[in-house]
Amino acid sequence: MSTKHPIIAVTGASGAGTTSVMRAFQQIFRREHINAAAVEGDSFHRFDRAEMKVRMADAHARGDHSFSHFGPESNLFEELEELFRTYGETGRGKVRKYLHDEEEAAPFDQPPGTFTPWTDLPGDSDLLFYEGLHGAVVTDKVDVAQHPDLLIGVVPVINLEWIQKLHRDKTQRGYSTEAVTDTILRRMPDYVNHICPQFSRTHVNFQRVPMVDTSNPFIARTIPTADESMLIIRFADPRGIDFSYLLSMLHDSFMSRANTIVCPGGKFDLAMQLIFTPMVWRLMERRTQLAS
């Protein structure tokens, strides 16, 4: 953690909804005139798209059916921790981009599914904002979770997470239900060992729970809407949280535990704005006080 160079990390599995949180923070940064250096977790994958296919085929040939994007073999955990450490100490660090599609790749004159070269972060950022799979990962070699000043978990109930992934991969990437199901099964060991434990290290967790039947996510035709869901917001440390204010602002919300608010899913963006804007203020105030 760093007062002078704060770090915010949003962590969650593919299809969990971390992108929605990122958009909410972009609104906060724009409104509060904060210059945030954004880092995508995908840029810390170890292999590009073509090499990952080769590695996956090799693993399958060896009888390893659990090799996935979620585990340490496929990610640069040491480099991610080094970025967080270096940024916290100096406000600088090495980053790159993963080019997901033709639109992202065109300005770099590279094919999709590749990485840009490593470059230095600009030296004038106010904070570092990470969004990806491993913002709170801990292994026997690294402890990424110790560095962020604000750690946020985004984790729908598992059937909803699978529905979201199935829908995205089928409609946007052209995969079959069988192919996506195979991916889910292959990732399960790494999901249990490297994704789930992160949510016990976060400062705030957002969990969307559908209020419709999702018993068999593999036949769901649509993703449950926000209005068909409830949002569970858990604070690791409830001290300093103005629950009375949040309850008054989030209509139809209630507290299910001393550190947990439940509100309608349609309040997702408002809840994030109400909760995280004061937290970002405090990070910036401490940074300003240190500099003065």
Chemist: Are any side-chain N or O atoms of E228 and backbone N or O atoms of T225, one a donor and one an acceptor, separated by less than 3.5 Å?
Modeler: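 Indeed, once roles are kept as given, a pair shorter than 3.5 Å links the two residues.
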
Chemist: Does any non-hydrogen side-chain atom of M255 lie less than 4.5 Å from one of I261?
Modeler: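 SC-SC contact between I261 and M255 confirmed.
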
Chemist: Apart from M56 itself, what residues make up its hydrophobic cluster when side-chain heavy atoms of I, L, V, M, F, W and Y under 4.5 Å apart count as a link, directly or indirectly?
Modeler: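 Noted: M56 shares its cluster with F47, M52, F67.
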
Chemist: Could you give the distance from CD (Q198) to CG (L133), rounded to the nearest 0.5 Å?
Modeler: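 CG of L133 is found 8.0 Å from CD of Q198.
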
Chemist: For I233 versus I275, what's the shortest heavy-atom pair and its separation?
Modeler: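 Answer, listing the atom of I233 first, then I275: CG2-CD1, 3.8 Å.
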
Chemist: Quick check: does any side chain N or O of R201 sit under 3.5 Å from a backbone N or O of G135, one acting as donor and the other as acceptor?
Modeler: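 Flag not set: sc R201 to bb G135 has no pair under 3.5 Å.
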
Chemist: Any heavy-atom pair between the side chains of K165 and I184 that's under 4.5 Å?
Modeler: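 The answer is yes; the side chains approach within 4.5 Å.
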
Chemist: If you look only at pairs with a residue in residues 205-216, which of them pass as a side-chain hydrogen bond (donor to acceptor under 3.5 Å, both in side chains), with sequence neighbours excluded?
Modeler: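 The answer is Q164-R208, T202-N205, R208-S229, D213-S215.
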
Chemist: Tell me, which pairs form a ring pair (Phe, Tyr, Trp, His ring centres under 6.0 Å) where one or both residues lie in residues 163-182, sequence neighbours left out?
Modeler: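 Qualifying pairs, neighbours excluded: none.
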
Chemist: State, with a plain yes or no, whether a side-chain heavy atom of L246 is found less than 4.5 Å away from one of S253.
Modeler: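 In short, these two side chains do not touch, never coming nearer than 4.5 Å.
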
Chemist: Honestly curious: do F254 and V209 fall in one hydrophobic cluster under the side-chain, below-4.5 Å linking rule?
Modeler: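 Yes, same cluster.
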
Chemist: Minimum heavy-atom separation for M284 to P6, with atom names?
Modeler: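 Answer, listing the atom of M284 first, then P6: CE-CG, 3.7 Å.
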
Chemist: Which value, rounded to the nearest 0.5 Å, describes the distance between R96 atom CZ and L76 atom CG?
Modeler: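 Rounded to the nearest 0.5 Å, the CZ-CG separation comes out at 5.5 Å.
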
Chemist: Do E285 and R282 meet the salt-bridge criterion of a basic N to acidic O distance under 4.0 Å?
Modeler: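 Result for this pair is no, no salt bridge flagged.
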
Chemist: Do D269 and Q273 touch side chain to side chain, with heavy atoms closer than 4.5 Å?
Modeler: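 Yes, at least one pair of side-chain atoms sits under 4.5 Å.
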
Chemist: Rounded at 0.5 Å granularity, tell me how far CD1 in I34 sits from OG in S125.
Modeler: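 So the CD1 of I34 and the OG of S125 are separated by 11.5 Å.
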
Chemist: Is there a ring pair (Phe, Tyr, Trp, His ring centres under 6.0 Å) between Y130 and Y87 once you walk through the steps?
Modeler: CA-CA 12 Å; Y130 167 93; Y87 186 86; over 10 Å; no

Chemist: Which heavy atom in S74 sits nearest to a heavy atom in H69, and how many Å separate them?
Modeler: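 That closest heavy-atom pairing would be CB-CA, 4.1 Å.
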
Chemist: Between E51 and R55, does a salt bridge (charged side-chain N to carboxylate O under 4.0 Å, His left out) hold up when you go through it step by step?
Modeler: CA-CA 6 Å; E51 189 173 3; R55 299 278 179 160; 3.1 Å; yes

Chemist: Roughly how far, to the nearest 0.5 Å, is CZ of R239 from CG of N259?
Modeler: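 That separation rounds to 12.0 Å.
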
Chemist: Hey, quick one: are V10 and L283 part of the same hydrophobic cluster, counting side-chain heavy atoms closer than 4.5 Å, chains of contacts allowed?
Modeler: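 Per the 4.5 Å side-chain linkage, V10 and L283 are co-clustered.
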
Chemist: Going by atom types only, do R31 and T277 share a side-chain donor-acceptor pair under 3.5 Å?
Modeler: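 Yes, side-chain donor-acceptor contact under 3.5 Å.
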
Chemist: Linking Ile, Leu, Val, Met, Phe, Trp and Tyr by side-chain heavy atoms under 4.5 Å, what else ends up with F108?
Modeler: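 In the cluster with F108 are L99.
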
Chemist: Just verifying a value: how many Å separate F115 CZ and D42 CG, rounded to the nearest 0.5 Å?
Modeler: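 If I round to the nearest 0.5 Å, the distance is 8.0 Å.
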
Chemist: Distance only, no hydrogens: is a donor on one side chain within 3.5 Å (strictly under) of an acceptor on the other, for S244 and D242?
Modeler: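 Distance-only check fails for S244 and D242.
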
Chemist: Which atom names give the shortest non-hydrogen contact between P217 and L166, and what distance separates them?
Modeler: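 Closest approach of P217 to L166, heavy atoms only: O-CD1, 3.4 Å.
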
Chemist: If we ignore angles and hydrogens, is there a donor and acceptor under 3.5 Å between the side chains of E81 and H147?
Modeler: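 Yes - a donor-acceptor pair under 3.5 Å links their side chains.
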
Chemist: Check the orientation of F129 and F25. Use parallel for under 30°, tilted for 30 to 60°, and perpendicular for over 60°.
Modeler: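 Tilted: the ring planes of F129 and F25 meet at 30° to 60°.
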
Chemist: Looking at residues at least two apart in the chain, or sitting in another chain, which of them share a salt bridge (charged side-chain N to carboxylate O under 4.0 Å, His left out) with K94?
Modeler: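 Salt bridge (charged side-chain N to carboxylate O under 4.0 Å, His left out) list for K94, sorted by chain: D120.
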
Chemist: Any side-chain heavy atom of M272 within less than 4.5 Å of one from V21?
Modeler: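 In short, these two side chains touch, coming nearer than 4.5 Å.
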
Chemist: Would you list the pairs meeting ring pair (Phe, Tyr, Trp, His ring centres under 6.0 Å) in which at least one residue belongs to residues 183-202, sequence neighbours left out?
Modeler: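 Qualifying pairs, neighbours excluded: none.
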
Chemist: What are the two closest heavy atoms between S66 and D190, and how far apart are they?
Modeler: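 For S66 and D190, the tightest heavy-atom pair comes out as O-OD2, 3.5 Å.
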
Chemist: So if you build clusters from Ile, Leu, Val, Met, Phe, Trp, Tyr with side-chain heavy-atom gaps below 4.5 Å, do I158 and V192 land together?
Modeler: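 Yes, it is one cluster - the side chains of I158 and V192 are joined through contacts under 4.5 Å.
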
Chemist: May I ask you to decide if the ring planes of H65 and H60 are parallel, tilted or perpendicular, using 30° and 60° as cut-offs?
Modeler: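 Rings of H65 and H60: perpendicular, as their planes differ by over 60°.
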
Chemist: Do N75 and F70 make a side-chain contact, defined as non-hydrogen atoms from C-beta onward lying under 4.5 Å apart?
Modeler: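 SC-SC contact between N75 and F70 ruled out.
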
Chemist: Any donor and acceptor pair, going by atom type alone, linking the side chain of N35 with main-chain N or O of D126 inside 3.5 Å?
Modeler: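 Not a single qualifying donor-acceptor pair exists.
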
Chemist: Of F84, Y98, W118, which is the lone residue that meets ring pair (Phe, Tyr, Trp, His ring centres under 6.0 Å) with F44?
Modeler: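 Between F44 and the candidates, ring pair (Phe, Tyr, Trp, His ring centres under 6.0 Å) is satisfied uniquely by W118.
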
Chemist: Tell me whether the rings of F276 and F206 are parallel (<30°), tilted (30 to 60°) or perpendicular (>60°).
Modeler: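 Tilted.
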
Chemist: In terms of hydrophobic clustering (I, L, V, M, F, W, Y; side-chain heavy atoms under 4.5 Å; direct or indirect links), are I163 and I232 co-clustered?
Modeler: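 In one cluster with I163: I232, yes.
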
Chemist: How long is the gap from OG1 on T114 to NZ on K97, to the nearest 0.5 Å?
Modeler: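 One finds 11.5 Å between OG1 of T114 and NZ of K97.
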
Chemist: If I compare all heavy atoms of H203 with all of D149, which pair ends up nearest, and what's the gap?
Modeler: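 So the minimum-distance heavy-atom pair works out to CE1-O, 3.5 Å.
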
Chemist: With the 4.5 Å side-chain cut-off for hydrophobic clustering, are I195 and V138 part of the same group?
Modeler: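 In one cluster with I195: V138, no.
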
